[in-house]
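Accompanying notes for the structure given below.
The structure presented is a predicted model; accordingly, all values stated were derived computationally and were not measured.
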Amino acid sequence: MGMTQQNVAGVGGASSGINMMADLCAASLSMYPASLQKPPVALGGGYPKVSQLLKNVEVNSAQRISSWVDSMKACSPTHVKSPPSLTEGNNSSWMLHHPSALDMFEQIIDASQGKQIVMFLDYDGTLSPIVDDPDRAFMSKKMRTTVRKLASCYPTAIVSGRCRDKVYSFVRLGELYYAGSHGMDIKGPAKGSKHKKGDQAVLFQPASEFLPMIDEVYKELVEKTKSTAGAKVENNKFCVSVHFRCVDEKEWTKLAQEVRSVIKGYPKLRLTQGRKVLEIRPTIKWDKGKALEFLLESLGFANCTNVFPVYIGDDRTDEDAFKILKDRGQGFGILVSEIPKDTNASYSLREPEEASHEFFTTFG
């Protein structure tokens with residue numbers, strides 16, 4: 001497929017990437033056969049080094065805490081600044097394999113011709129900027145308008161580690177699909193979507209049995225971490241997030257010890273990491289990649305050759321979805337990042353912090 005060829009290109013802004021897909025809506029619909037312009041069937045009833053650190057299971061407590069802290073540092077893009085020459089060299093080499101989605105716009109149109117595009121979007125760092133206070137990660141009105149335009153053309157889903165209700169309160173678009181808690185809480189459009197059948201709205205929650213346990217762990221973590229300045233514990237319904245973006249790095253070891261002291265009593269829960277956040281999740285085999293597959297299957301595209309999924313995200317947890325698309329050989333993943341990272345995504349865009357003005361003001 002033309003879209004998966006690795007070409008040399010520059011990095012583009014994240015907002016332009018979302019806007020590019022909105023423009024593609026108008027550009028591509030005229031090329032679709034009439035049969036493919038109909039709505040699909042409605043819903044019915046990485047990072048190897050960091051992963052290795054997190055999977056050291058038969059080690060003593062000190063080694064485990066050390067591994068967690070090393071992983072926390074590795075997840076921070078700005079933790080270590082490389083010399084300019086080295087950064088430029090790494091970026092040039094990385095761009096050979098993950099070119100800018102903006103510069104590949106014509107190839108995107110060619111590859112998607114005659115196919116049904118399905119959009120999957122992460123929230124934090126993709127539709128909104130990464131901010132110190134996760135409760136204030138608001139998306140702009142212009143971004144909301146752009147996402148609404150996408151949803152009018154293609155089935156569009158927000159796939160986030162956040163609680164589904166929290167993401168909805170930020171986005172406020174009833175015609176979208178929402179997959180919260182890393183895909184463990186999926187709900188179809190509530191209204192206004194041509195991809196929805198009648199009054200049906202699916203609610204899929206593969207980890208429902210863990211709700212009491214998650215609530216219990218959340219309360220324990222709030223109490224345990226209250227002495228660590230800057231730490232914020234968030235209940236995302238089917239997972240608990242411990243944000244350390246505002247925690248002094250000297251306190252990271254203490255915070256890791258506090259988290260471990262709580263979750264060691266819950267063998268059915270596991271620890272994963274994102275950007276400046278520790279995630280406590282059920283041990284079930286479910287992630288953003290599984291959520292993507294579930295939605296594609298529910299839409300009738302499980303074994304379809306004329307579907308073109310596009311997933312845009314900035315976090316390590318998005319790698320599960322990138323890998324699914326890579327393995328399927330359909331569509332593509334776009335990593336939003338200003339620095340080189342190990343990734344299964346085919347293309348890249350700058351992260352919102354670098355292109356904030358463009359990200360929030362150029363949609364119309």
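- Residue Leu296 holds its CG atom at 10.5 Å from CD of Gln116, rounded to the nearest 0.5 Å.
- Taking 4.0 Å as the cut-off between side-chain N and carboxylate O, Asp135 and Lys232 count as a salt-bridged pair.
- In summary, Arg275 and Asp315 do not engage in a salt bridge, as defined by a charged side-chain N under 4.0 Å from a carboxylate O.
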- From CA spacing to verdict: side chain to side chain donor-acceptor pair (under 3.5 Å), Lys268, Thr283: CA-CA 6 Å; Lys268 291 185 178 181; Thr283 54; over 6 Å; no

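- Ion pairing between a basic and an acidic side chain is recognised when a charged N comes within 4.0 Å of a carboxylate O; Asp327 and Lys323 show such pairing.
- Side-chain N or O atoms of Trp286 include none that pairs as donor or acceptor with a backbone N or O of Pro206 at under 3.5 Å.
- Inter-residue side-chain proximity for Glu234 and Val242 is flagged as unmet; no heavy-atom pair is nearer than 4.5 Å.
- Inter-residue side-chain proximity for Ile280 and Cys239 is flagged as unmet; no heavy-atom pair is nearer than 4.5 Å.
- Proximity of a side-chain donor or acceptor of Arg316 to a complementary backbone N or O of Gln273 within less than 3.5 Å is detected.
- Within the 4.5 Å cutoff, no side-chain heavy atoms of Phe120 are placed close to those of Ile312.
- Side-chain N or O atoms of Thr126 include none that pairs as donor or acceptor with a backbone N or O of Tyr123 at under 3.5 Å.
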- Test log, rule side chain to side chain donor-acceptor pair (under 3.5 Å), inputs Lys166 and Ser160: CA-CA 10 Å; Lys166 173 61 73 68; Ser160 173; over 6 Å; no

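- Within the 4.5 Å cutoff, no side-chain heavy atoms of Glu223 are placed close to those of Glu220.
- With a 4.5 Å cut-off on side-chain heavy atoms, Tyr178 and Val159 do not count as touching.
- Using the six-membered ring where Trp is involved, Phe294 and Phe204 have ring planes that are parallel, under 30° apart on the 30 and 60° scheme.
- Atoms CG and CG, on Asp165 and Asn236 in that order, are 10.5 Å from each other to the nearest 0.5 Å.
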- Item | Derivation and outcome, side chain to side chain donor-acceptor pair (under 3.5 Å), residues Thr272 and Arg281 | CA-CA 8 Å; Thr272 62; Arg281 296 196 251 170; 3.2 Å; yes

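- Note: Met143 CE to Leu121 CG = 8.5 Å, rounded to the nearest 0.5 Å.
- Gln330 places a side-chain N or O within 3.5 Å of a backbone atom of Cys304 that can act as its donor or acceptor partner.
- No side-chain heavy atom of Met119 sits less than 4.5 Å from a side-chain heavy atom of Ile158.
- Between Glu279 and Arg270, no side-chain nitrogen of the basic residue sits less than 4.0 Å from a carboxylate oxygen of the acidic one, so the salt-bridge criterion is not met.
- Salt-bridge check for Asp320 with Lys290: failed, with every basic side-chain N at 4.0 Å or more from each acidic carboxylate O.
- Between the Thr228 side chain and the Ala231 main chain, no donor and acceptor come within less than 3.5 Å of each other.
- Looking at Ser181, its side chain never comes within 3.5 Å of a backbone N or O of Gly183 through a donor-acceptor pair.
- At distances below 3.5 Å, at least one donor-acceptor pair connects side-chain atoms of Arg162 with backbone N or O atoms of Pro134.
- Side-chain contact between Asp287 and Thr317 is absent, with no heavy atoms from C-beta onward closer than 4.5 Å.
- Within the 3.5 Å criterion, the main-chain N or O of Asn344 finds a donor-acceptor partner in the side chain of Glu319.
- The closest donor-acceptor contact from the side chain of Ser337 to the backbone of Ile339 lies under 3.5 Å.
- Between the side chain of Arg144 and the backbone N or O of Phe170 there is at least one donor-acceptor pair closer than 3.5 Å.
- With a 4.5 Å cut-off on side-chain heavy atoms, Val307 and Leu299 do not count as touching.
- Shown here are the side-chain hydrogen bond (donor to acceptor under 3.5 Å, both in side chains) partners of Glu216, two or more places apart in sequence or in another chain: Tyr266.
- Salt bridge annotation for Asp133-Arg245: absent, with no cationic side-chain nitrogen under 4.0 angstrom from a carboxylate oxygen.
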